[in-house]
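The block underneath contains the structure these notes are about, expressed in structure tokens.
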2 protein chains.
Amino acid sequence: MGRLADDEPDHFTPASLRVELVLLTVRDGRLAVLLVKRHSAPFQGCWALPGGGLGDHEDLDAASQRLLTLTTGLEHDPWHAEQLRSYVSAVPAQQTAGAAGSASERSDEQVSAQRSVSVAYMVFMPVGTDPAPGSAAEAFRWWAVDDLSDDGPVLAFDHASIIADAVDRCRSKLEYTTVAASFLQEPFTLGELRRIYENVWGVKLHHSNFARKLTSSPGYLVAEVDGSPGRATLYRRGSAQFVMPPIPRPVGE
Amino acid sequence: MGRLADDEPDHFTPASLRVELVLLTVRDGRLAVLLVKRHSAPFQGCWALPGGGLGDHEDLDAASQRLLTLTTGLEHDPWHAEQLRSYVSAVPAQQTAGAAGSASERSDEQVSAQRSVSVAYMVFMPVGTDPAPGSAAEAFRWWAVDDLSDDGPVLAFDHASIIADAVDRCRSKLEYTTVAASFLQEPFTLGELRRIYENVWGVKLHHSNFARKLTSSPGYLVAEVDGSPGRATLYRRGSAQFVMPPIPRPVGE
DNA sequence: ATAATAGTGTCTATGAGACAATATATT
DNA sequence: AATATATTGTCTCATAGACACTATTAT
């Protein structure tokens, strides 16, 4: 006990290391997350976040990008991806022991002692960009995040709390960063951008005040072709990463 | 390639799993972080964050609390602790191979193939709470975070970037949460709390406007004994976790 | 024609920032 | 007495929020 943590020889706790992707988009006017239906144990038939293990010489960011391409079939270029946080999920022993998964070289007791560390990444996908599953038989689906709370699909592992954390982070980030534009393909109009805020936050915003706020935020938007009253101006993203001062987020919801 | 990540049997990437603590406090009017001088390879003689491996049946939060007590010799009760993010640091092969550490049951090539996953936790310690090292020979020191950028100590692993992330997060959190009070022991005065903001942000705040803002923020502060003009009122923390609207942070620095 | 949307302008209420005045404790 | 600090009050300015008006496009 008197020994300090750092004095100890490096403690090689065995762990399986995975990256889980929380792909968010706006679909049918609602914030939505991409889920995959599992067809093997554990949690067979439940919905789960797409993810996978780390490659042998891969860091976390590289793995998240590889898995993103693997899942969506698309390059991630203009999208926003960031690490959310890590989760240690104890895989239920009976579930793991009964796994129908193939080539596991570990005995059951070793597997049950195994812990799983998932590093979650949050990725914003532009509206209308649908994933192209590599395996046609796979069941992909966008789920509105509001439908996950009650009477929704049964989620695997602790993915429900991962999604909740991602949604919280997403809604917060819209206030003080320019990531909302990551949900749109360029060029876009102020109305389209406003609907992103409205749908993600679940509020209604005044179009005139919104336009005044965003067009006066330095570096957020770059006008492409100028619009006279009645014609929507097209914008591309500017170089600013943050909005100062933040976009006020209505509290009443 | 056509296979989806989730189709794969669970990919047990071997990894050493550690928790690193970023203990922050305000000391001599500056934001400071607790570092430990390493006395064994790798990075012998460098300064590192206190940390340690996960116990066999421990989750991340439990490990961070255990290591906090182990490091500081104090219970963590009123303090603020939160997960920062995870880092995959490839331990340099030659450094690892030459490690003077004891009881490693792995061969050198196995060790060099080992990757290290560190989950960083950020903890706020009250002003004046000094850690009680368990081993007297150990070199603990508070370092002002501003002294780490240039001409500072040599930091082990990627701890410099972990600390930078924690400092950014800490400064941001002061804007929209009530965690600044975690740096103080109760009860405290508005002046003490203002100095926390000033020291962490490196700015000067107007005392009158600061008092008006914080005392009008619902649930942030609970007055203990009322003070007439000239006598400082003593406060304890209220139940509010967030400050709405956020405390404006001067930009000029 | 009607509705929906985009841009512009105006008014008001709120709150941040700056400053002054007073009261108390400390040296 | 002089200094530092805490509370209260006032003034100004920026801006969010609400609303009106006009122009254009879609149905």
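Predicted model, so just to flag it, every value in this text is computed and none were measured. The analysis underlying the following values was restricted to heavy atoms, covering all of them including side chains, and did not include hydrogens, waters or symmetry mates. Order of the sequence lines fixes the chain letters, A, B, ..., with proteins taken first and strands second; residue numbering starts at 1 for each chain.
Note: CZ (F188(B)) to P (dT5(D)) measures 19 Å, nearest angstrom. Computed from coordinates, the L190(A) CG to dA4(C) C1' distance equals 16 Å when rounded to whole Å. Between L234(A) atom CG and dT5(C) atom P there is a gap of 17 Å when expressed in whole angstrom units. Rounded to whole angstrom, the span from the CD1 atom of I247(A) across to the C1' atom of dA16(D) amounts to 12 Å. A straight line from CZ of R249(A) to C1' of dG17(D) spans 18 Å, rounded to a whole angstrom. Taking atom CG of L205(B) as the reference point, atom P of dA18(C) lies 10 Å away to the nearest angstrom. As rounded to whole Å, 13 Å separates atom C1' of dA6(D) from atom CD of E192(B). The distance between atom CZ of R231(A) and atom P of dT24(D), rounded to the nearest whole Å, is 6 Å.
Listed by residue number, H206(A), S208(A), N209(A), R212(A), K213(A) are the residues of residues 206-220 of chain A with a heavy-atom contact under 4.0 Å to DNA chain D.
Taking T178(A) as the reference, R237(A) meet the side chain to side chain donor-acceptor pair (under 3.5 Å) condition, with sequence neighbours excluded.
Under the 4.0 Å criterion applied to side-chain N and carboxylate O atoms, E175(A) and K173(A) are not assigned as salt-bridge partners.
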Quiz: residues 203-213 of chain A side-chain donor-acceptor pairs under 3.5 angstrom, not counting sequence neighbours:
{"from": "N209(A)", "atom 1": "OD1", "to": "R212(A)", "atom 2": "NH2", "distance (Å)": "2.6"}
{"from": "K213(A)", "atom 1": "NZ", "to": "P245(A)", "atom 2": "O", "distance (Å)": "3.1"}

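The closest side-chain donor-acceptor pair between D61(A) and Y121(A) falls under 3.5 angstrom.
Nearest heavy atom pair, residue P218(B) against residue A240(B), reads O-CB, 3.5 Å. Here the closest non-hydrogen pair linking A232(B) and T189(B) is CB-CG2, 3.8 Å.
A cation-pi geometry, defined here as NZ or CZ lying under 6.0 Å from the six-membered ring centre and within 45° of its normal, does not hold between R195(A) and Y197(A).
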Would you list the protein and nucleotides 12-14 of chain D atom pairs, both N or O, that sit under 3.5 Å from each other?
none

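Proximity of T233(B) to the phosphate of dT7(D): a side-chain N or O atom is located under 4.0 Å from OP1 or OP2. When the side-chain nitrogen and oxygen atoms of R194(B) are compared with OP1 and OP2 of dA6(D), one or more of them lie within a distance under 4.0 Å.
Listed by first and then second residue, the ring pair (Phe, Tyr, Trp, His ring centres under 6.0 Å) pairs that reach into residues 168-193 of chain A are F124(A)-F183(A), sequence neighbours excluded. Listed by first and then second residue, the salt bridge (charged side-chain N to carboxylate O under 4.0 Å, His left out) pairs that reach into residues 157-168 of chain A come to none, sequence neighbours excluded.
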